[in-house]
Number of protein chains: 2
Amino acid sequence: MRPREFDHDEVLRVAFDQFWRKGVRGTSLSDIARDAAVQRGSLYNAFGSKEALFLEAYERYAGDYLAALHKALAVGSLRKRLTSFFDLTITNFRSGTPPRGCPTTRGLMELGAAEGEGLDDNARQAFARLISRITAMLQDTLVAAAARGEFDGNPAAAALHIVTVTRGLAVLERAFGDEPQLRKIAGHTIDLVLGRTGG
Amino acid sequence: MRPREFDHDEVLRVAFDQFWRKGVRGTSLSDIARDAAVQRGSLYNAFGSKEALFLEAYERYAGDYLAALHKALAVGSLRKRLTSFFDLTITNFRSGTPPRGCPTTRGLMELGAAEGEGLDDNARQAFARLISRITAMLQDTLVAAAARGEFDGNPAAAALHIVTVTRGLAVLERAFGDEPQLRKIAGHTIDLVLGRTGG
DNA sequence: GCGCATTTTTGACGGCGTGTCAAATATTTT
DNA sequence: AAAATATTTGACACGCCGTCAAAAATGCGC
């Protein structure tokens, strides 16, 4: 056997960086090959296709991101947890120069076809899976808060609402690029979910 | 002068139908040319570029959509108005077979680059403009409702919140394709905005 | 230590996309 | 009828995806 001449993980990092900055369709394998100092054909040999490469790179990102969210949701009052959650979310959207937006939301809308009827259904499932995991984490957080008497609404509905807002924030970020606005919306959402009086 | 051999509006309709179903990047001018029975070069001559063609087609859509929203927000109690608003929004996302999603949100995330730093900045501005108009309409509705004593929150913040949720719904639609879920989230949002007690 | 099997690398190809250009075509106006 | 003008048409250059066979480099069995 002949050994690989490049570092698998390094390529994944380079690839995801490009996908994040320029979108999946906007990034060519030639771009990645150039930046990673790898021949284009080698990428096909190692990963199979552009979509497969993206998927592997994305899963790495998703794991890291979930871990960070988990940490953010683990400490303090419910209000503090949700504030940390939104902070992390928005900071993630606004990271990079220029800001890169939310890779999940961008990928989801970019790869188009909805549930089932799509050629890139693997990617769609990966995006959906991350959103589901985030929703579940939020719900757990709310259930725990309810047990402590910090929350009295419907945890499932509230978690879904919050996650919907984060997806909306990702869209507004692309539309206006107005970070203070995003933070204002986040704050307002927390107030609504906690009930204007509670807190 | 030589007259055009094709119907300008007909091409716009065909083009937007394809853009909506397959995304901007996923639709080729060859596709549009075939469906519209027009030569590809004629499209370049008449519209200049793919982006310009999309823009013109999108503006037509945006106008129609705004008019429909305006109607939906014009009658009944505030709760009824918001319900009609979300109904129309979700129905729009779920129209077509298979459902086509939200063209604004899809386009916004697809054409990538955020505010300023983008090659397709005209398109981004068009998307942002529609979102701003929707927000303004919601705000007007809430201000009017407040004057009638049907609402007592911050109209600007609430309008922004609602519009954020609609963008989030567009994303979740792509992720899960679960229409009942979307309607549940919409209902929950209305409850939150109106205050769980108010009606 | 040496040859062989196996894997990776490399370069070329076909197909499709965008956008441009000049030549051909069809009207309107003079 | 002829000139002016705009549209249509087909060919071209360039970039990207994915495939393929040939070349190169290593590990393994002897």
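Lettering follows sequence order; numbering is per chain, from 1.
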Would you kindly give the CZ-to-C1' distance between B:Phe6 and D:dT7, to the nearest whole Å? 9 Å
When the distance from CG of B:Leu29 to C1' of C:dC16 is rounded to whole Å, what number comes out? 13 Å
Once the angle between the rings of B:Phe54 and B:Tyr58 is folded into 0 to 90°, is it parallel (under 30°), tilted (30 to 60°) or perpendicular (over 60°)? parallel
Over 60° means perpendicular and under 30° means parallel, so tell me whether A:Phe16 and A:Trp20 are parallel, tilted or perpendicular. tilted
Any residue meeting side chain to side chain contact (heavy atoms under 4.5 Å, CB included) with A:Gln139, in chain and number order, not counting sequence neighbours: A:Val143, A:Pro155, A:Ala156, A:Ala159
Measure from OH on B:Tyr44 to C1' on D:dA11 and round the result to the nearest Å. 15 Å
Any N/O donor-acceptor pair, B:Arg2 side-chain to C:dT25 base, under 3.5 Å: yes
Any N or O donor-acceptor pair under 3.5 Å from the base of D:dA6 to the side chain of B:Arg4? no
A:Lys50 NZ to D:dC16 C1', straight-line distance once rounded to whole Å: 8 Å
May I ask you to say what A:Ser42 touches in the nucleic acid, namely base, sugar-phosphate or nothing, with a heavy-atom cut-off under 4.0 Å? base
B:Leu130 and B:Glu59, any side-chain heavy atoms less than 4.5 Å apart: no
Using whole Å, report how far NZ of A:Lys22 lies from P of D:dC16. 9 Å
Starting the side chain at C-beta, find the nucleotide from C:dG17, C:dT7, D:dC16 nearest to B:Ser28. C:dG17
Separation of atom CG in A:Asn45 from atom C1' in C:dT8, rounded to whole Å: 6 Å
Just how far, in rounded Å, is C1' of D:dT8 from NE2 of B:His8? 17 Å
Taking any heavy-atom pair under 4.0 Å as a contact, classify B:Phe47: base, sugar-phosphate, or nothing. nothing
Can you find an N or O donor on one side and an acceptor on the other, under 3.5 Å apart, linking the side chain of B:Arg40 with the base of C:dG19? yes
Once you round it to whole Å, what is the distance between P of D:dG18 and CZ of A:Arg25? 11 Å
Taking the side chain as C-beta and beyond, is there a heavy-atom pair between B:Leu29 and B:Ile32 under 4.5 Å? yes
Along DNA chain C (nearest heavy atom to each residue), the more 5'-positioned of B:Gly41 and B:Glu5: B:Gly41
Would you indicate, yes or no, if D:dT7 has its OP1 or OP2 atom less than 4.0 angstrom from a side-chain nitrogen or oxygen of B:Gln39? no
